[in-house]
Amino acid sequence: MSIRTVATTPFNDQKPGTSGLRKKVSAFQVANYLENFVQSIFDTIAAPAGSTLVVGGDGRYYNREAIQVILKIAAANGFGKVLVGQGGILSTPAASCVIRKYQTYGGIILSASHNPGGPDGDFGIKYNTANGGPAPEKITDAIFARSKSLEHYRMVDAPDVALDQQGSFSLGGMAVEVIDAVADYADLMESLFDFTAIRTLLSGGFRLSFDAMHAVTGPYAKEIIEQRLGAPAGTVINGVPLPDFGQGHPDPNLTYAHELVEIMYGDHAPDFGAASDGDGDRNMILGRHFFVNPSDSLALIAANAALTPGYAKGLAGVARSMPTSGAADRVAAKLGIPCYETPTGWKFFGNLMDAGKVTLCGEESFGTGSDHVREKDGLWAVLFWLNILAKRGQSVEDIVHQHWAEYGRNVYSRHDYEGLPSDAAEGLMAHLKSQFASLPGRRFGNYQVKLFDDFSYTDPIDGSVSTGQGLRVIFEDGSRIVFRLSGTGTEGATLRIYLEAFESDAARQRMDAQEALSGLIAIAHELSQLKARTGREQPTVIT
Ligand code: VG1
Ligand code: CO
């Protein structure tokens, strides 16, 4: 085997964001860009010689090329074996499942998740540790530090490995095992949910539509929903993963999953609709003519967990990201279990799950999951809902309304302003921060500001501190406005404004969220000088 040590110059922009390093494909195609980052990962994690790694991605443009590079660098860095999903494909939750099941040292996931793909789209890479979860900040910070001083990377000279057939291959002395990308994950799902009850539901006239958005979950959804659960062929739409996601934006929300939305809001709509994102970790849940807010979905899943075999024994606790609504907190309080509030990003849930403190986790950004893996998991959430529906025999809408009637409704919405000039977005945040001292106590109509801060988090397990995680304006009545800049975009800045108000009055709970939140929306615009600073008044995406 011949190992080449290649001289390189460091890049100064390889700082992982909310979920790994995400850049335009063209940035990753710059000579040595990917190689440098991969070598920085391996230098940082210092895996013992002979360790096993998992590698897979969401199938987007550049996935295959990147995997060949990673395999050759892994072989030159002493790994003994790499498990690769067939065709280079592994959804993010499936990668987490495989890392855990085969107890590997870690894994590399290639994805820019919900960002568009194709030659002009985005690409991404992230490292997951042995627990199957995204590397915590202390590791991503160390990878970034290493990337800024890297002078060499190591790579074997060897032909590419054929990834389309399962089997074992040798690459410069390292074993490459091409594994079934779907089976391990599908088995895990079958162990958690009542497939018999769901099969009975589906054979009794209940209809559903699952939109894989031309992204990674197509093969998983076909195997699980159409094969194992017996839904008719065609239940999974856009089910063939394409390198450019059919030129779509694989983000399962009301704006980008419009094909599904038209089906679910059309005549003869199915009983249940769902979609997932580029890498399969997000989910959107719809009933007939009805949208389930992801924050409510987390709360509902927690409240109904006892209906599923995998969670019938009870929940240790739940966790939600700070901007996620407090709906889950109410369920946790009733169940008498703790509810943790973490910064945005799944990496903050890992320690809590490893320590056995929480079973379920969720984010308002269409992410829900549990300790079955260490990533959020789109299909898992869909199956959880199907299990609940099979057991309760009610419509999605009735289940949500009944939940609000019991717990009250945390009326919630997120407004995204995408593609803002970075300096305008930073100026807006700085303007908000200049009001830290003056805002508390101020009154806006019915709302009086109780607290205004920049959220920081101390991990209860390892004591690590994460600062600057979002500006929170909390009012005396518990309503909130949160301002954050996205950490996953690749162009300009995205401002997210999160709005939440509690409604205990059953007569008012069914109000349209935008209407119910209009007062808070106006305050958010005023406090941030949104129009003057960005020229925008209407969000790009409302969820
Ligand atoms: C967004 C979401 C966050 C999520 C992250 C990764 O981050 O808000 O909740 O964890 O994406 O999801 P940001 O920094 O853009 O707000 V995924 O499906 O892109 O891996
Ligand atoms: Co994703």
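Start at 1 and go down the list; that is how both ligands and their atoms are numbered.
The cationic group of Arg330 lies under 6.0 Å from the six-membered ring centre of Phe502 and within 45° of the ring axis, placing it in a cation-pi geometry. A cation-pi arrangement is absent between Lys347 and Phe349 under the rule of less than 6.0 angstrom and at most 45 degrees off the ring axis.
No more than 12 heavy atoms of other residues, nucleotides or ligands sit less than 6.0 Å from atom CD of Gln247.
Between the NZ atom of Lys376 and the OG atom of Ser19 there is a distance of 6.0 Å, given to the nearest 0.5 Å. To the nearest 0.5 Å, atom NZ of residue Lys23 and atom CZ of residue Phe28 are 8.0 Å apart.
Taking the side chain as every heavy atom from C-beta outward, Asp462 and Asn351 approach each other to under 4.5 Å. Within the 4.5 Å cutoff, side-chain heavy atoms of Thr344 are placed close to those of Arg484.
Here the two rings, on Phe193 and Phe384, have centers that are under 6.0 Å apart.
Salt bridge Asp416/Arg414: present, at least one basic N to carboxylate O contact under 4.0 Å.
Protein atoms of type N/O/S that fall under 2.8 Å from the Co ion (ligand 2) number 4 in this view.
Protein residues with a heavy atom closer than 4.0 Å to ligand 1 are Thr18, Ser19, Arg22, Ser113, His114, Asp277, Asp281, Arg282, Thr344, Gly345, Glu363, Ser365, Lys376, Arg414, Arg484, Ser486, Gly487, Thr488, Arg496, listed by chain and number.
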